[in-house]
Structures are given as structure tokens and as C-alpha cells.
Amino acid sequence: MITRLVRADLLQRSSAAADARRLTVTPTDEGRRIAELIAGRIRPELRRRLDSIGPQRVTELLDTLHAFLGDHPPEPSGR
């Protein structure tokens, strides 16, 4: 997948400075432009769906995602 995105000039691949066995992958200007275009189309639908379930369920969803990802959620602001 990464090779295809590099060939399409959407990603740039280079060796990591600290360890030549690792690669650093960064978006090109065109890759960033397309990512923003996609995000711009997704955001309104995501906002609509989150608004439809209400703030309590959004908080529960975020708590569940943080637990799933193994990171620590921000401190609750009003619970």
C-alpha cells in the first residue's frame, strides 16, 4: 500500500536518521491536499452522527476508544 502511495506521489519514504532499518513516511503536498479534502467531507457527517447521540454517549464512546487504544483519556470536564 505504501509503495502504491509513493508511486502516486502522495507519500515520501526515507530512511530514519537514527536507524537505517526503519523508514520515515511523510505525505507530499498533494498527499496533504487529498487528506484534507477527504477530512473535509467526513467531518460534517461525523459531527451529525455525534450530535445525534448526545454528549453523554459521545463521552462514553471516547472513554471506550481510549480504553481500547490503551492511552489515558483527558480528565472529564463535567461528569
Side-chain angles (χ1 to χ4, degrees):
M1 177 64 91
I2 290 175
T3 299
R4 289 174 61 192
L5 293 170
V6 168
R7 285 183 186 149
D9 197 33
L10 299 175
L11 289 179
Q12 230 174 271
R13 183 174 26 199
S14 59
S15 296
D19 185 348
R21 295 171 297 178
R22 292 181 175 219
L23 294 175
T24 300
V25 179
T26 55
T28 63
D29 289 342
E30 180 68 0
R32 278 189 286 282
R33 186 188 74 75
I34 289 174
E36 279 300 314
L37 180 69
I38 292 167
R41 291 183 179 174
I42 291 171
R43 281 185 195 113
E45 179 63 17
L46 180 58
R47 170 60 49 208
R48 185 187 70 72
R49 289 176 184 225
L50 292 174
D51 287 347
S52 75
I53 66 172
Q56 180 62 38
R57 302 253 339 254
V58 169
T59 299
E60 292 168 4
L61 172 62
L62 291 174
D63 289 346
T64 301
L65 289 171
H66 283 291
F68 178 75
L69 295 172
D71 61 351
H72 301 285
E75 290 298 316
S77 59
R79 270 204 280 179

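Every value quoted in this text rests on a predicted model; they were computed, and no experiment measured them.
More than 12 heavy atoms of other residues, nucleotides or ligands shown are found within 6.0 angstrom of CG on L50.
Taking all atoms of both residues into account, the shortest heavy-atom contact from P44 to R41 is CD-O, 3.6 Å.
Taking OG1 from T64 and CZ from R57, the interatomic distance works out to 10.0 Å, rounded to the nearest 0.5 Å.
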Could you walk me through whether D29 and R32 pass salt bridge (Lys or Arg N to Asp or Glu O under 4.0 Å), step by step? CA-CA 5 Å; D29 289 342; R32 278 189 286 282; 2.7 Å; yes
Derivation and outcome, salt bridge (Lys or Arg N to Asp or Glu O under 4.0 Å), residues E45 and R49: CA-CA 6 Å; E45 179 63 17; R49 289 176 184 225; 2.7 Å; yes
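No path of Ile, Leu, Val, Met, Phe, Trp and Tyr side chains, each step under 4.5 Å between heavy atoms, connects L5 with L23, placing them in separate hydrophobic clusters. Residues L69 and L61 fall into different hydrophobic clusters, defined by Ile, Leu, Val, Met, Phe, Trp and Tyr side chains chained together at heavy-atom separations under 4.5 Å. Under the 4.5 Å side-chain contact rule for hydrophobic residues, I53 and L46 share a cluster.
Partners of R33 according to the side-chain contact (heavy atoms from CB on, under 4.5 Å) rule, which considers only residues two or more places apart in sequence or in another chain, are E30.
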Pair up each side-chain donor or acceptor in residues 9-21 with any protein partner under 3.5 Å, not counting sequence neighbours, and list the distances.
unit_1 : atom_1 : unit_2 : atom_2 : d
D19    : OD1    : R21    : N      : 3.0
D19    : OD1    : R21    : NE     : 3.0
D19    : OD2    : R21    : NH2    : 3.0

